[in-house]
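See below for the structure under consideration.
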Amino acid sequence: TGSGMVMLEEAVLRIEEIFGIENVYVITGAHLVDSIREELPGLSSHVFAEPTKRNTAGAIVWGMAVVSSLLREEDISFAIIPSDHRIHTAAQFQNKVLEALHFAEKNDVLVTIGIPPTRPETGYGYMELGDPIKKAFQVKRFIEKPDAAKAEQLVNGGNVLWNSGMFFWHFSTFMNELAAASPKHFEALQQIVSAIYRGRTVEAEIEFGDLPDISIDHVLMEKARHVAVIKADFEWDDLGSWDALGRIHIADEAGNAIVGTGEAIEASNNVIYNSNPDQAVQVFGLDEMVVVVTPDAVMVCPKSRAQEVKKLTRG
């Protein structure tokens, strides 16, 4: 993002200023543990790998099991914060995080932060607002990533917020809602906590491996009985896909955002990212594309499909 830090480091810094570094935990994939511990030595003992990939529902279940087992208690409140968000106003963000966590604790609800939409984005989920609850709103329904026409309709309707993917809850509230929404995840979490308590890590990993690969939205948030959303008042962007670079880097007169050595000729509204200093990148006659060049690979796709690059594989 131009800050001189990796995004995970930025995310940790924003949170540790609220809760203290001793209360920050990182849940990641096994292939990233060593790199993260090297990048964040102050968090080395708080970096944990989920045994296998099981989407956000699995990662959250594993993380909560590990933390509650380490602390040997269940009287814990959790703030679940993704690391690929760009937050422009840290102080406002921190105030809103505390507001959301306190609201969750006092009202026995699952809480998320919603982002006022600024465009008909097809890469984000939406939440339709229900009745107001003090400083928050009930979530009437979750709307999965819509097509362009639906996204425009939602934004023009004015009664929706983007789903930020940030969640806040007390452990007991989470367990009560999870038991009703997904008994399989509820039972797995109990078994994993018990196994880790007893030092039986392999047993915990086997239990975790039986979980489906599914998001926390589908498993819990869309089915939960008590969900509230607090509206964000800070500048926010989800940098989970390459087209986001076009929103955070200064573009040329034709709307081309270029990072590294690159040139766009008779081309408009492209994102060009080149991390290979030995390779010049030129595009000609292209519009609305993403071009990514690294020392070992090249990826080209339409900006409108940047969210889908996870479909790509490399030998």
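- Heavy-atom neighbours of Arg305 CZ from other residues, nucleotides or ligands within 6.0 Å: at or below the threshold of 12.
- Of the inter-residue distances, the one linking Lys140 atom NZ with Asn159 atom CG reads 7.5 Å to the nearest 0.5 angstrom.
- The backbone N or O of Ala148 sits nowhere less than 3.5 Å from a side-chain atom of Thr122 that would complete a donor-acceptor pair.
- Contact annotation: the side chain of Ser83 never approaches that of Met7 to less than 4.5 Å [non-hydrogen atoms, C-beta and beyond].
- Met127 places none of its side-chain heavy atoms less than 4.5 Å from the side chain of Ile143.
- Transitive grouping of hydrophobic side chains (ILVMFWY, heavy atoms separated by less than 4.5 Å) keeps Phe168 and Leu161 in distinct clusters.
- The environment of NE2 in His226 is sparse: at most 12 heavy-atom neighbours from other residues, nucleotides or ligands sit within 6.0 Å.
- Taking CH2 of Trp169 as the reference point, atom CG of Asp108 lies at 14.5 Å (rounded to 0.5 Å).
- Judged purely by atom type and a 3.5 angstrom limit, Lys303 has no side-chain atom pairing as donor or acceptor with the backbone of Trp242.
- The main-chain N or O of Leu245 is never found under 3.5 Å from a side-chain atom of His249 such that the two would form a donor-acceptor pair.
- A side-chain donor-acceptor contact under 3.5 Å links Asn163 to the backbone of Gly165.
- Residue Ile81 is not grouped with residue Phe174 when hydrophobic side chains (ILVMFWY) are merged at heavy-atom distances under 4.5 angstrom, including chains of intermediate members.
- Using a 4.5 Å cut-off on side-chain heavy atoms (C-beta onward), Leu129 and Val229 make contact.
- Ionic pairing of Arg198 and Glu203 is present here: one or more N-O contacts between side-chain nitrogen and carboxylate oxygen are shorter than 4.0 angstrom.
- One side chain, Glu105 or Ser77, offers a donor N or O that lies under 3.5 Å from an acceptor on the other.
- Using a distance-only test at 3.5 Å, with no hydrogens or angles considered, a donor-acceptor pair links the side chain of Ser68 to the main chain of Ala65.
- Trp162 and Tyr126 share a donor-acceptor pair across their side chains, judged by distance under 3.5 Å alone.
- Here the side chain of Arg200 pairs no donor or acceptor atom with the backbone of Ala195 at under 3.5 angstrom.
- For the pair Leu40/Leu8, a side-chain contact is recorded, criterion being any heavy-atom separation below 4.5 Å from C-beta on.
- Hydrophobic clustering (side-chain heavy atoms under 4.5 Å, transitive across Ile, Leu, Val, Met, Phe, Trp, Tyr) keeps Val26 apart from Val66.
- Because its NZ or CZ atom is both nearer than 6.0 Å to the ring centre of Phe93 and within 45° of the ring axis, Arg14 counts as a cation-pi partner of that residue.
- Put simply, CG on Leu220 and OG on Ser182 are 8.5 Å apart, with the number rounded to the nearest 0.5 Å.
- Judged purely by atom type and a 3.5 angstrom limit, Asn270 has no side-chain atom pairing as donor or acceptor with the backbone of Ala257.
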### Task
Given side chain to side chain contact (heavy atoms under 4.5 Å, CB included), test Arg141 with Glu222 step by step and report yes or no.
CA-CA 7 Å; Arg141 64 174 174 137; Glu222 294 173 1; over 6 Å; no
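- To the nearest 0.5 angstrom, Thr112 atom OG1 is 9.5 Å from Ile230 atom CD1.
- Ion pairing between a basic and an acidic side chain is recognised when a charged N comes within 4.0 Å of a carboxylate O; Lys135 and Glu99 show no such pairing.
- Separation of atoms CG (Asp287) and CG (Asn256) is listed at 8.5 Å; rounding is to 0.5 Å.
- Annotation: side chain of Val300 is not in contact with side chain of Val290 (no heavy-atom distance under 4.5 Å).
- For Phe208 and Trp62, the gap between ring centers is short of 6.0 Å.
- A donor-acceptor distance shorter than 3.5 angstrom exists from the side chain of His170 to the backbone of Ser172, with no hydrogens or angles considered.
- The line from CG of Asn269 to CG of Leu286 is 12.0 Å long, rounded to the nearest 0.5 Å.
- Taking the ring centroids of Trp236 and Tyr124, they lie under the 6.0 Å cut-off.
- In the displayed structure, Glu152 atom CD is contacted under 6.0 Å by at most 12 heavy atoms of other residues, nucleotides or ligands.
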### Full working for side chain to side chain contact (heavy atoms under 4.5 Å, CB included) between Val291 and Val271
CA-CA 6 Å; Val291 179; Val271 171; over 6 Å; no
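- For Thr89 (side chain) and Gln92 (main-chain N/O), no donor-acceptor pair under 3.5 Å exists by modelled atom type.
- No salt bridge links Asp213 with Arg54; every basic N to acidic carboxylate O contact stays at or beyond 4.0 Å.
- Put simply, the side chain of Phe78 does not reach to within 4.5 Å of the side chain of Leu101, judged on heavy atoms.
- Formation of a donor-acceptor pair under 3.5 Å by the Gln138 side chain with backbone atoms of Ile133 is not found in this model.
- No hydrogens or angles considered: a donor-acceptor pair under 3.5 Å links the side chains of Glu263 and Gln282.
- With hydrophobic clusters built from ILVMFWY side chains whose heavy atoms lie under 4.5 angstrom apart, Ile265 does not share a cluster with Ile272.
- At least one side-chain heavy atom of Glu144 sits under 4.5 Å from a side-chain heavy atom of His218.
- Residues Lys134 and Asn107 bring a donor and an acceptor atom of their side chains to less than 3.5 Å of each other.
- Side chains of Leu43 and Val12 form a contact here, defined as non-hydrogen atoms less than 4.5 Å apart.
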